[in-house]
Amino acid sequence: MLAVRDLHAWYGEQHVLHGVNFEVSTGEIVTLIGRNGAGRSTVLKSIMGLLHRRTGSITLEGREVLGLPSRTVARLGVGYVPEDRGIYTTLTVEENLFLPPEVRKPEFSVRQILEMFPNIRERLASGASKLSGGEQQMLAIGRVLRTGARLLLLDEPTEGLAPVIVEQIGRAVTLLKQAGLTVILVEQNFNFAAAVADRHYVIEQGHVVDMIPNAERDQHAAKLQKYLGI
Amino acid sequence: MEELLGIPVQALFGQILLGLINGSFYAILSLGLAIIFGLLNIINFTHGAQYMLGAFLAWMGLSYLGVGYWTALLIAPLLVGLTGIAIERLLLARLANVDHLYGFLLTYGIALVIQGLFRNYYGASALPYPVPAELRGGYDLGFMFLPTYRGWVVAISLAICLATWLLIEKTRLGSHLRAATEKPGLTEAFGINVPLLVTMTYGAGAALAAFAGVLAAPIYSVNPQMGADLIIVVFGVVVIGGMGSILGAIVTGFGLGLIEGLTKVFYAPASDIVIFVIMIVILLVRPAGLFGKA
Ligand SMILES: Nc1ncnc2c1ncn2[C@@H]1O[C@H](COP(=O)(O)OP(=O)(O)OP(=O)(O)O)[C@@H](O)[C@H]1O
Ligand SMILES: [Mg+2]
């Protein structure tokens with residue numbers, strides 16, 4: 001589905017990614033783990049075309065997308081949930097949900113999305129600035145599901161959320177997997193990552209330094225603790 | 001003659017009407033500036049020239065081609081909108097990644113060029129434009145005489161402002177515009193063509209200015225300087241209403257027109273500066289403007 005080869009990226013003069021390599025197959029949930037500042041969010045932004053200074057190659061189902069404008073990447077079926085959730089405070093909840101154009105026939109209907117996140121259904125007409133952090137996260141995920149995106153980039157969806165909400169997000173991610181969607185998940189909460197993911201890529205200082213299949217996580221527990229800095 | 005607060009009623013309502021007329025132009029022009037500022041983050045100094053162009057296109061259409069008022073009301077905004085699209089695509093778009101001051105300087109330069117060209121060909125004198133036949137005459141309202149054309153200007157301006165507001169606040173296209181205003185990068189990452197929205201918005205803002213220009217042609221004289229004089233006041237209106245606020249632009253435009261008209265009744269010498277005095281006060285106590293977010 002997605003292959004990233006020798007990806008370098010810069011913020012202005014600051015060289016942040018130094019040759020990132022990894023791939024994701026259709027239907028997989030893959031995480032990018034590592035310490036703060038390792039460059040995980042930057043990988044997602046690079047795929048999305050939100051960073052302009054990049055070299056290397058990013059192919060989506062065989063098609064090079066590195067030079068494409070980010071709207072074209074979105075239209076190819078990549079749905080982005082940014083770290084700050086990207087909720088538009090000048091729009092209502094409903095306008096946020098319906099903002100991105102549909103790119104493919106979605107796996108989930110609007111009704112199913114609202115059933116997945118009942119909090120959102122009750123607040124459709126209100127201003128999005130009134131949502132709690134958890135509701136914002138649900139809206140951000142629901143918003144890209146609605147478009148029919150088949151590769152979802154989720155940047156720390158559980159960050160700063162109460163355990164019950166994390167559970168709810170976890171159930172939603174499981175539903176996405178059952179529906180056959182592909183997910184790249186940047187996650188700090190390893191328990192959450194382990195509950196949903198197939199494989200974990202470890203990023204350190206702008207490199208992929210390791211890959212651990214989720215099934216083998218116990219035998220690599222010591223290594224994982226070192227990577228996560230816990 | 002009847003009097004109210006020591007002022008002849010006729011004179012009072014006459015000035016209120018004049019205030020509403022001026023307010024109509026302030027509202028349409030500051031509305032155009034506000035939508036452009038919201039999305040492009042530049043203050044469009046070409047706005048006055050685009051208003052003048054609208055009036056001139058109406059005048060030229062009538063003088064050279066026999067094209068009447070109603071056709072001009074459609075065609076002039078369309079043509080000026082198209083030139084706006086060209087200006088955005090060919091010039092402003094190239095300045096998207098540099099300081100907004102450059103956009104301001106560029107639009108100011110374009111205004112000077114357009115105004116200079118028209119002054120060169122048409123001189124500085126006023127060119128008359130007749131009131132369209134359907135809108136001549138007026139109504140005796142008892143307390144005052146209402147010229148039909150002036151009533152039309154106020155009504156159509158209100159309608160245009162309301163329609164623009166509805167388009168931006170209540171439609172899907174409007175939600176895309178607001179989204180692109182708030183987070184342009186992310187909006188693009190959702191598959192929305194933000195550069196196209198920006199271009200169309202600039203074109204629409206320019207078209208609004210030209211529409212106001214055609215409306216103005218039968219009331220004020222058509223001359224190359226007409227936009228430059230008016231736009232200074234409109235900038236005052238925009239500062240008072242709050243940069244980029246759609247509703248603020250509309251309400252402040254009509255409101256300040258009224259205040260200006262009433263000032264003329266009660267203390268005429270102050271009427272030319274009252275808007276700027278209010279602007280200074282607003283800048284001191286509420287720098288983001290009445291409707292702006294601090
Ligand atoms: N907009 C930016 N401008 C300049 N440098 C940035 C910017 N965003 C991130 N960086 C830098 O790039 C590096 C990688 O950041 P990135 O956001 O990708 O990290 P991360 O792995 O997502 O970590 P976390 O989200 O926990 O902070 C960091 O050193 C960060 O300081
Ligand atoms: Mg991050």
Side-chain angles (χ1 to χ4, degrees), chain A residues 11-12 41 44-53 65 68-104 124-125 127-129 139-140 142-149 151-153 155, chain B residues 34-41 89 93-99 164-201 241-250 288-289 291-294:
Chain A
Y11 290 105
S41 296
L44 298 192
K45 285 187 218 165
S46 300
I47 296 170
M48 214 54 239
L50 285 168
L51 242 106
H52 296 294
R53 209 171 149 208
V65 299
L68 300 180
S70 59
R71 63 171 177 279
T72 312
V73 178
R75 295 214 171 243
L76 290 172
V78 185
Y80 180 46
V81 176
E83 193 166 2
D84 66 2
R85 289 145 195 167
I87 299 302
Y88 295 86
T89 53
T90 53
L91 272 59
T92 64
V93 172
E94 185 171 13
E95 285 172 332
N96 267 281
L97 184 61
F98 286 91
L99 180 73
E102 199 174 298
V103 294
R104 236 178 86 249
L124 278 178
S129 58
L139 177 56
R143 178 169 63 183
V144 292
L145 286 183
R146 218 211 84 251
T147 66
L151 172 62
L152 304 182
L153 313 181
D155 199 344
Chain B
I35 58 174
I36 290 173
F37 180 79
L39 208 50
L40 283 80
N41 263 310
R89 262 291 132 104
R94 292 170 201 269
L95 301 181
N97 297 319
V98 298
D99 196 306
T164 309
W165 181 80
L166 283 173
L167 177 74
I168 292 172
E169 296 297 331
K170 301 291 169 206
T171 67
R172 186 165 163 77
L173 176 65
S175 74
H176 287 191
L177 279 173
R178 279 175 286 135
T181 301
E182 190 179 332
K183 304 184 205 287
L186 184 65
T187 307
E188 174 97 7
F190 284 142
I192 293 169
N193 193 336
V194 176
L196 180 66
L197 277 180
V198 168
T199 304
M200 299 316 284
T201 298
M243 289 308 271
S245 160
I246 303 300
L247 192 63
I250 299 171
F291 295 82
K293 284 184 229 20

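Just so we're on the same page: letters track the sequence lines, and every chain starts at 1. Predicted model, so just to flag it, every value in this text is computed and none were measured.
- Atom OG1 in A/Thr90 sits 3.5 Å away from atom CD in B/Glu182 (nearest 0.5 Å).
- Shortest non-hydrogen contact noted between B/Glu169 and A/Glu95 is O-OE2, 3.7 Å.
- Summarising the local packing, CZ of B/Arg172 is surrounded by more than 12 heavy atoms from other residues, nucleotides or ligands at distances under 6.0 Å.
- The two residues A/Leu50 and B/Ala189 make their nearest non-hydrogen contact at CD2-CB, 4.0 Å.
- One distance of note links NZ of B/Lys183 with CG of A/Leu99; it measures 11.0 Å at 0.5 Å rounding.
- Across every non-hydrogen atom of A/Ser70 and B/Glu188, the tightest pair is OG-CG, 3.0 Å.
- The residue among A/Leu76, A/Val78, A/Thr89, A/Thr72 with the most heavy atom pairs within less than 4.5 Å of chain B is A/Thr89.
- Residue contact with chain B, scored on non-hydrogen atoms closer than 4.5 Å, involves the side chain of A/Val144 exclusively.
- Other residues, nucleotides and ligands place no more than 12 heavy atoms under 6.0 Å from the CG atom of B/Asn97.
- When heavy atoms are compared at a cutoff of 4.5 Å, A/Ile87 approaches chain B solely by way of its backbone atoms N, CA, C and O.
- In this structure, a donor-acceptor pair under 3.5 Å is present between the side chains of A/Tyr88 and B/Thr187.
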B/Val194 vs A/Arg71, test: side chain to side chain contact (heavy atoms under 4.5 Å, CB included). Steps then yes/no. CA-CA 9 Å; B/Val194 176; A/Arg71 63 171 177 279; over 6 Å; no
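- Residue A/Leu91 comes nearest to B/Ala179 through the heavy atom pair CD1-N, 3.9 Å, listed as atom of the first residue, atom of the second, then distance.
- What you find for B/Leu186 and A/Pro82 is that their closest heavy atoms are CD1-CG, 4.0 Å.
- For B/Gly191 against A/Pro101, the heavy-atom pair with the smallest separation is O-CG, 4.0 Å.
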